[in-house]
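Computation of the quantities below employed the complete heavy-atom set of this structure, encompassing side-chain atoms and omitting hydrogens, waters and symmetry-equivalent molecules. Note that the structure is a prediction, hence the values are computed from the model and not measured.
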2 protein chains.
Amino acid sequence: MKIDPNSTADLSAQIAKAIRDAIVAGELIVDDRLPSEAELAEQFEVSRATVREALKRLAAQSLIRTQRGAFGGAFVNRLSFEEAYGQQITTSTLLLSMNAVSFEVACEARYAMERACAPMAAERRSADHLATMRAEIHRQGQPGLTDEAFCASDVAFHRALVDAAGNPVLSYQLAGAVEAMQPLMNMITFTARSRETIVQLHQRIADALEARAEDLADQALQDLADYTRELGRGVAAARAARNG
Amino acid sequence: MKIDPNSTADLSAQIAKAIRDAIVAGELIVDDRLPSEAELAEQFEVSRATVREALKRLAAQSLIRTQRGAFGGAFVNRLSFEEAYGQQITTSTLLLSMNAVSFEVACEARYAMERACAPMAAERRSADHLATMRAEIHRQGQPGLTDEAFCASDVAFHRALVDAAGNPVLSYQLAGAVEAMQPLMNMITFTARSRETIVQLHQRIADALEARAEDLADQALQDLADYTRELGRGVAAARAARNG
DNA sequence: CAATTTTCATTTGTCAGACATTTAAATGTC
DNA sequence: GACATTTAAATGTCTGACAAATGAAAATTG
């Protein structure tokens, strides 16, 4: 682990990069202990404060965890799917909110990936997955549900659908797409009629998965995608009319 | 922006969370300047060192950027697709390498998503995308290419395919899946014959996109997925034989 | 001897204060 | 007006200190 003496970047950034590279390259493996802050400071010839800033950068990416006390220190962290989900969701949400990504584009991406899950979900869905989906469908039919609660339930429904595909890598990748869409979906006012339509489509999806009918599931998802896009266009048109 | 006095987490983590929440909630928008480190230290009633550790955490997630000098400071960063790609790739790569994700599962996820791109790519691919793909195909046919260079070219080919779908969100989501697979792919020794097969399949994909034939593209991708999985199984079997 | 308590060294977490460096605005000079 | 200089404000880095946690080892106790 060496830092480039010609770099213009902050020392803490350089040190973080050096350690990160060592982890990615496999020189440091899960649960390995890094040298203590004092030792790292000596190795890199910087102060302990600078080392600490570097370590905090790595901690922010869940690459290391720290433990206080004797025999404590910084350890290479096993990045769990759970943590990776979280980071992916934060990143995706910010990406969408900061880059004026259109509802249309986000929708397309999300449903394209979800449809890719459908065949696997039809094949592998467990009774548990179906039960979760049915429960969310039921909730979505309750009157008096706020739009936000409706959207949250929608996210839960779709996560169950994705998880039903039984591929954790796919679940991880899709977590971002599905959850990051929620703020955009929250901007839509769901009328009683549009909710009814969505619930019916969810019902079709659940029925298709229960019957292990991948083609029906795909068709229902496509219809849902079309309908969601239509709702989005409606909102955009209403806003345009208000503003001009 | 307040921190929870009952939390047991590090102060720097709490402060980072408070600022991150403010950004996600939209209280701080792109290019807003945060208070100076000295001011933040006063607000949160901590030392400047602690504030700096918090800011480094946020910088590691590309949420802020800092600028030295008068009228410098920490600014809310517009998370670009580029930066998000990078983070996604790092995270995905580590996730796969640290969690013993099987080649099979990673492959399945990757090709499922790639196939979801095929119809859009067939419809929207530009001459540029095609040219990139053709160039990579040509490179892959060169004799004397190392396995790593072959894999790198493979990644470039598939990225062009994904980008051809013309949906940046999809490109971002897939960047992780495609790039993170590379270390796993690098473990495969590509014989002259397997390379030839792969190049032919790439050719079929490029031809299909050129002809805007989404069904042919999908079929070719499925064949490539099957073949890749087969190669993976071959490697796994060889390793099992060596170790047993 | 075994179980429990105490001590202790190590390590991270936090603080205070200092100085170096960078930067752009403000000021001075021709 | 154009250019050089000064200056104030901010981040980057260093030093030294103390607090708090923690597990191992030593001391104590039954």
Expected list for residues 27-47 of chain B near DNA chain D, using heavy atoms below 4.0 Å, is B:R33, B:S36, B:E37
Here the distance between atom P of D:dT13 and atom CZ of B:R52, to the nearest Å, is 7 Å
**Request:** Establish, with yes or no, whether the OP1 or OP2 oxygen of C:dC15 is under 4.0 angstrom from a side-chain nitrogen or oxygen of B:R48.
**Result:** no
Under a 3.5 Å distance rule, please check whether A:N77 uses its side chain to pair with a backbone N or O of A:S62 as donor and acceptor.
yes
| Going by atom types only, do B:Q88 and A:Q88 share a side-chain donor-acceptor pair under 3.5 Å? | yes
In whole angstroms, the gap separating P of C:dG13 from CD1 of B:I15 amounts to 14 Å
Whole-Å distance, A:F75 CZ to C:dT10 C1', equals 12 Å
Applying the 3.5 Å cut-off to both distances, the Watson-Crick or G-U partner of C:dC30 turns out to be D:dG1
Within the pair B:S12 and C:dG13, is there a side-chain N or O less than 4.0 Å away from OP1 or OP2? no
Numerically ordered, the residues 61-71 of chain B set in heavy-atom contact under 4.0 Å with DNA chain D is B:T66, B:Q67, B:R68, B:G69, B:A70
For the residue pair A:R159 and A:Y85, would you count it as a cation-pi contact if the rule is NZ or CZ under 6.0 angstrom from the ring centre and within 45 degrees of the ring axis?
yes
| said: For A:A149, is there any backbone N or O sitting under 3.5 Å from a side-chain donor or acceptor partner on A:S153? | reply: no
Review point. Has the side chain of B:R124 got a donor or acceptor atom that lies under 3.5 Å from a matching backbone atom of B:A165?
Key: yes
Could you tell me whether the side chain of B:R65 and the main chain of B:V76 form a donor-acceptor pair under 3.5 Å?
yes
### Query
Would one find more than 12 heavy atoms of other residues, nucleotides or ligands at under 6.0 Å from atom CD of B:Q142?
yes
| message | If you apply the rule side chain to side chain donor-acceptor pair (under 3.5 Å), what do you find for A:S47 with A:T50, and how did you get there? | response | CA-CA 5 Å; A:S47 72; A:T50 304; 3.3 Å; yes
Whole-Å distance, A:D10 CG to D:dA10 P, equals 18 Å
Between A:G72 and B:A13, the residue closer to the 5' end of DNA chain C by nearest nucleotide is A:G72
When rounded to whole Å, the CG to C1' distance for the pair B:L55 and D:dT11 reads 10 Å
Rounded to whole Å, NZ of A:K56 lies from C1' of C:dT12 at a distance of 7 Å
With no hydrogens and no angle check, is any side-chain donor or acceptor of A:R78 less than 3.5 Å from a backbone partner on B:N99?
no
